[in-house]
Amino acid sequence: MAKSAIGRRRTAALRDGGAGYAQRRAEIVAAGAEVFRDRGYEATSLKDVAERLGTDRASLYYYVASKNELFQLVTQQAVEEVVAAAEQVAGQDAGPEARLRELIVTTLHKYEDHYPYMFVYIQEDMSRIHSETLDEVWARTMLQLGKRYQEALLKILDDGIADGVFVTDHRHIAMNTIVGAVNWTHRWFRPSGKLTGDELGTTMADQLVAGLRPAR
């Protein structure tokens with residue numbers, strides 16, 4: 001299908017638009033993240049994002065093709081950074097308990113760094129969005145990123161079980177408990193609150209690691 005005139009202009013601007021175009025696109029992505037967080041993916045429209053910016057919807061099409069593309073821009077880079085950090089922690093030479101602590105603290109630190117981008121991703125039903133999107137490459141990429149994070153966490157848990165510092169008969173339940181606890185912070189954590197991401201991560205790591213230690 002041939003591109004529309006605005007689609008051709010957008011493609012050219014992405015290639016040649018310079019710093020001004022990139023800055024405005026970044027502002028649109030930031031506003032999109034706020035609206036997605038407040039309203040959710042399904043209830044959000046580009047008109048809502050335009051209103052948040054004090055402009056009209058038509059002007060946004062020079063920067064993004066659709067709500068779905070905007071959602072992709074909001075989420076993918078943040079998720080990639082979280083997963084890369086988790087894999088780096090999992091591959092360290094430190095003991096399993098130290099690595100699990102660092103993974104939890106690092107994840108919450110990244111969530112704060114990328115607020116509200118990561119929380120926009122976490123709060124959505126990603127299986128539904130993946131099935132709706134026409135961008136199959138993006139959908140596969142995001143699903144694979146989720147699997148890579150889980151694999152990094154499972155590596156640490158398996159090392160801890162093998163060393164006897166973690167005790168669990170159900171490694172996937174342990175993994176899902178940790179992921180669920182960390183991800184549930186999207187319902188209540190705000191960078192302007194009493195705890196920083198690092199402080200919250202440290203507190204959660206204390207509690208989650210304690211639950212895996214052998215009984216004494």
Side-chain angles (χ1 to χ4, degrees), residues 1-87 107-149 183 185-187 189-193 197:
M1 182 181 297
K3 283 187 177 180
S4 64
I6 189 63
R8 291 192 295 272
R9 288 181 60 212
R10 184 172 56 250
T11 299
L14 284 168
R15 184 182 63 245
D16 306 321
Y21 181 86
Q23 180 179 347
R24 182 55 174 169
R25 197 165 192 246
E27 291 170 356
I28 291 168
V29 170
E34 293 176 355
V35 179
F36 283 132
R37 181 198 64 202
D38 295 344
R39 298 176 60 87
Y41 175 83
E42 187 171 355
T44 293
S45 68
L46 285 182
K47 180 175 181 291
D48 298 323
V49 178
E51 289 177 352
R52 183 68 59 100
L53 288 163
T55 188
D56 61 278
R57 183 181 64 180
S59 67
L60 298 190
Y61 289 110
Y62 182 51
Y63 299 91
V64 294
S66 64
K67 177 179 79 169
N68 192 272
E69 182 187 16
L70 181 58
F71 184 82
Q72 293 174 26
L73 292 170
V74 164
T75 57
Q76 183 167 342
Q77 181 179 351
V79 174
E80 287 173 341
E81 288 195 23
V82 170
V83 172
E87 290 176 334
T107 299
L108 268 299
H109 179 89
K110 290 291 184 182
Y111 283 10
E112 182 177 34
D113 278 352
H114 291 289
Y115 183 88
Y117 303 95
M118 277 302 305
F119 288 171
V120 166
Y121 175 76
I122 292 166
Q123 76 184 7
E124 295 298 337
D125 179 357
M126 293 310 300
S127 62
R128 178 181 57 78
I129 292 175
H130 290 158
S131 68
E132 289 179 357
T133 182
L134 298 178
D135 189 342
E136 294 181 2
V137 174
W138 178 83
R140 288 196 301 270
T141 297
M142 298 304 285
L143 288 171
Q144 186 60 35
L145 285 168
K147 291 177 182 176
R148 284 170 53 191
Y149 185 90
N183 285 353
T185 60
H186 85 272
R187 297 296 296 267
F189 175 73
R190 297 291 182 273
S192 58

>> Strictly below 4.0 Å, N to O, side chains only: are E27 and R24 in salt-bridge contact?
In response: yes
>> Does Y121 form a side-chain contact (heavy atoms from CB on, under 4.5 Å) with V74? I'd like the steps, not just the answer.
In response: CA-CA 8 Å; Y121 175 76; V74 164; over 6 Å; no
>> Other residues, nucleotides and ligands only: do more than 12 of their heavy atoms fall within 6.0 Å of CD on E51?
In response: yes
> Just by modelled atom types, is the E81 backbone N or O under 3.5 Å from a matching donor or acceptor in the K110 side chain?
Replying inline: no
> What are the two closest heavy atoms between K67 and E42, and how far apart are they?
Replying inline: NZ-O, 3.6 Å
> Which atom pair, heavy atoms only, marks the closest approach of Y61 to R10?
Replying inline: O-NH1, 2.5 Å
> Is the F36 ring parallel, tilted or perpendicular to the Y41 ring (thresholds 30°, 60°)?
Replying inline: parallel
> Are I122 and Y111 close enough, and set up right, to give a side-chain contact (heavy atoms from CB on, under 4.5 Å), and what steps lead you there?
Replying inline: CA-CA 10 Å; I122 292 166; Y111 283 10; 3.5 Å; yes
> Are R190 and Y115 in a cation-pi setup, meaning NZ or CZ lies under 6.0 angstrom from the ring centre and within 45 degrees of the ring axis?
Replying inline: no
> Are any non-hydrogen side-chain atoms of L73 and R25 less than 4.5 angstrom apart?
Replying inline: yes
> What distance separates Q76 CD from T141 OG1, expressed to the nearest 0.5 Å?
Replying inline: 5.5 Å
> Between atom CD of Q77 and atom NE2 of H114, what is the distance when rounded to the nearest 0.5 Å?
Replying inline: 6.5 Å
>> Measuring only between side-chain heavy atoms, which start at C-beta, is L145 closer than 4.5 Å to R148?
In response: yes
>> How long is the straight-line distance from CD of E112 back to CE of M118, given to the nearest 0.5 Å?
In response: 13.5 Å
> Atom CG in L108, atom CG in D113: separation rounded to 0.5 Å?
Replying inline: 11.0 Å
>> So which atom in R37 and which in P116 form the shortest heavy-atom distance, rounded to 0.1 Å?
In response: CD-CB, 3.7 Å
> Does any N or O in the side chain of R9 come within less than 3.5 Å of the main-chain N or O of Y62, such that one atom is a donor and the other an acceptor?
Replying inline: no
> Taking all non-hydrogen atoms of both residues, which atom of V49 and which atom of I28 are closest, and how far apart?
Replying inline: CG1-O, 4.2 Å
>> Would you call the rings of Y21 and Y63 parallel, tilted or perpendicular, taking 30° and 60° as the class edges?
In response: parallel
> Does V35 offer a backbone N or O that forms a donor-acceptor pair with the side chain of D38 under 3.5 Å?
Replying inline: no
> Could you walk me through whether V83 and E80 pass the side-chain contact (heavy atoms from CB on, under 4.5 Å) check?
Replying inline: CA-CA 5 Å; V83 172; E80 287 173 341; 6.0 Å; no
> How many angstroms lie between CG in L46 and CG in D56, if you round to the nearest 0.5 Å?
Replying inline: 11.5 Å
> Quick one: do the T107 and Y149 side chains pair a donor with an acceptor below 3.5 Å?
Replying inline: yes
> Yes or no on side-chain contact (heavy atoms from CB on, under 4.5 Å) for E69 and W138, after CA distance, side-chain angles and deciding distance?
Replying inline: CA-CA 10 Å; E69 182 187 16; W138 178 83; over 6 Å; no
>> Could you check whether any side-chain heavy atom of L60 comes within less than 4.5 Å of a side-chain heavy atom of L53, counting everything from C-beta outward?
In response: yes
